[in-house]
> 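Okay, here's the structure, questions in a sec.
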Amino acid sequence: MKKCIYILTWLVISFIVFVGCGKEDNNKMSDMELTPYETVNDFTDVSMTIKEETVSTTGLTVVLENNSQKHGIYGESFSLEEKINNKWYQVPVTIDGDYAFDDIGYELTSGAKEEFKVDWEWLYGSLNPGEYRIVKEILDFRNTGDFDKYYLAAEFTILN
């Protein structure tokens, strides 16, 4: 009889631990929205990578490279997403109310390679350990009012 009680107790405890661990991710995801970006990194021969040694919980440096014959323009804006259960979710901002980025256009001309430092502490706070990506909009600019919009994404990891 004691053996049955021990086994039953072990099963109940295992079930509680299993359900409790799953709820942590589910609760986290309930506060987050899925990515709005259906397609990223499809601007042919234009890329964004992470300068690995710059990654911290509050920022990093991205490297934008244009190996095309096109004229790119990007700005200050960016968004952060976290990978949970193989899906990308928007990291919630910590600011109440509206916020904005400086509306400036940086040129990424044909053959150019530029570094862009990103500090997100003011908007997202300090990130917890996990898998993330940063997403930036870039324009294939031909003329005023004549451009195509693309989104570049680069993945990075925050360790303990």
Side-chain angles (χ1 to χ4, degrees), residues 21-160:
C21 290
K23 281 189 175 183
E24 184 177 315
D25 270 353
N26 288 338
N27 287 341
K28 185 177 188 179
M29 291 183 320
S30 69
D31 296 340
M32 300 172 80
E33 294 182 29
L34 279 169
T35 182
Y37 306 106
E38 292 180 24
T39 305
V40 295
N41 298 329
D42 63 337
F43 192 172
T44 306
D45 295 326
V46 178
S47 64
M48 179 173 69
T49 56
I50 303 296
K51 195 170 181 182
E52 292 297 329
E53 66 274 11
T54 66
V55 176
S56 74
T57 59
T58 60
L60 51 67
T61 299
V62 295
V63 179
L64 297 131
E65 192 166 0
N66 184 355
N67 291 312
S68 76
Q69 295 301 312
K70 300 185 177 187
H71 187 100
I73 295 182
Y74 65 96
E76 299 267 333
S77 66
F78 64 91
S79 61
L80 293 181
E81 298 181 336
E82 185 174 7
K83 192 178 208 179
I84 303 170
N85 296 330
N86 288 321
K87 292 183 181 177
W88 290 107
Y89 290 86
Q90 296 178 59
V91 175
V93 298
T94 58
I95 293 176
D96 290 330
D98 295 332
Y99 64 91
F101 291 92
D102 287 336
D103 191 16
I104 188 167
Y106 298 107
E107 291 187 82
L108 188 65
T109 57
S110 179
K113 184 175 184 178
E114 303 285 334
E115 290 188 5
F116 185 80
K117 187 175 178 180
V118 179
D119 175 12
W120 59 69
E121 189 171 27
W122 67 274
L123 185 58
Y124 294 102
S126 182
L127 298 181
N128 294 321
E131 293 180 64
Y132 295 89
R133 74 178 180 179
I134 183 169
V135 181
K136 286 190 67 60
E137 178 183 288
I138 186 165
L139 304 179
D140 172 7
F141 183 80
R142 293 176 292 277
N143 209 334
T144 304
D146 183 16
F147 59 86
D148 292 317
K149 187 184 302 185
Y150 294 94
Y151 296 97
L152 300 178
E155 298 181 22
F156 61 97
T157 302
I158 301 291
L159 302 173
N160 290 331

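Counting begins at 1 with the first residue of the sequence.
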> Could you tell me which non-hydrogen atom of Met48 sits nearest to which non-hydrogen atom of Ala154, and how far apart they are?
O-CB, 3.5 Å
> CD/Glu81 to CD/Glu33 distance, rounded to the nearest 0.5 angstrom?
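Rounded to the nearest 0.5 Å, the CD-CD separation comes to 11.0 Å.
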> Counting only heavy atoms from other residues, nucleotides and ligands, does the tally under 6.0 Å from CD of Gln69 exceed 12?
no
> Starting at CG of Leu159, measure out to OG1 of Thr57 and round the result to the nearest 0.5 Å.
11.5 Å
> Which pair of heavy atoms, one from Ser68 and one from Thr44, lies closest together, and at what distance?
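Ser68 and Thr44 have their closest heavy atoms at CB-O, 3.7 Å.
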> Quick check: do Pro92 and Glu82 have side-chain heavy atoms less than 4.5 Å from each other?
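No; the side chains remain at least 4.5 Å from each other.
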> Under the side chain to side chain donor-acceptor pair (under 3.5 Å) rule, what pairs show up with a residue in residues 108-122, not counting sequence neighbours?
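Passing the test, one end in residues 108-122: Lys51-Glu115.
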> Which salt bridge (charged side-chain N to carboxylate O under 4.0 Å, His left out) pairs, counting each pair once, include a residue from residues 134-158, with sequence neighbours left out?
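For residues 134-158, and leaving out neighbouring residues, the salt bridge (charged side-chain N to carboxylate O under 4.0 Å, His left out) pairs sorted by first residue read Lys70-Asp140, Glu137-Lys149, Asp140-Arg142, Arg142-Asp146, Arg142-Asp148.
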> When rounded to the nearest 0.5 angstrom, what distance separates CD in Glu53 from CG in Leu60?
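The CD atom of Glu53 sits 11.0 Å away from the CG atom of Leu60.
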> Measure from the side-chain N and O atoms of Tyr124 to the backbone N and O of Leu80, and report whether any donor-acceptor pair falls under 3.5 Å.
yes
> Closest approach of Ile134 and Phe156, non-hydrogen atoms and distance?
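Closest pair (atom of Ile134, atom of Phe156, distance): N-CE2, 3.8 Å.
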> Of all heavy-atom pairs between Met32 and Tyr89, which one has the smallest distance, and what is that distance?
CE-CB, 3.7 Å
> Starting at OH of Tyr151, measure out to OG of Ser79 and round the result to the nearest 0.5 Å.
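Between atom OH of Tyr151 and atom OG of Ser79 there are 9.0 Å.
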> So, using ring pair (Phe, Tyr, Trp, His ring centres under 6.0 Å) as the criterion, who are the partners of Phe147 when residues are at least two apart?
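Per chain and number, Phe147 pairs via ring pair (Phe, Tyr, Trp, His ring centres under 6.0 Å) with no residue.
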> Does Phe78 have its ring centroid less than 6.0 Å away from the ring centroid of Phe116?
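No; Phe116 has its ring centre 6.0 Å or more from that of Phe78.
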> Would you give the length of the straight line joining atom OG1 of Thr157 to atom CD1 of Ile50, rounded to the nearest 0.5 angstrom?
10.0 Å
> CG of Asp102 to OG of Ser77: how many Å apart, nearest 0.5 Å?
10.5 Å
> Are more than 12 heavy atoms, taken from residues, nucleotides or ligands other than Asp42, located less than 6.0 Å from that residue's CG atom?
yes
> Do you know which two heavy atoms are closest between Ile73 and Gly105, and how far apart they sit?
CG2-CA, 3.9 Å
> Are any non-hydrogen side-chain atoms of Val46 and Tyr150 less than 4.5 angstrom apart?
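In short, these two side chains do not touch, never coming nearer than 4.5 Å.
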> Provide the closest heavy-atom pair for Arg133 versus Ala153 in the form atom of the first, atom of the second, distance.
CD-CB, 4.0 Å
> Just by distance, do the side chain of Gln90 and the backbone of Leu34 share a donor-acceptor pair under 3.5 Å?
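It does hold such a pair.
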> Using modelled atom types only, decide if a donor and an acceptor are shared between the side chain of Thr94 and the backbone of Leu123 within a distance under 3.5 Å.
yes
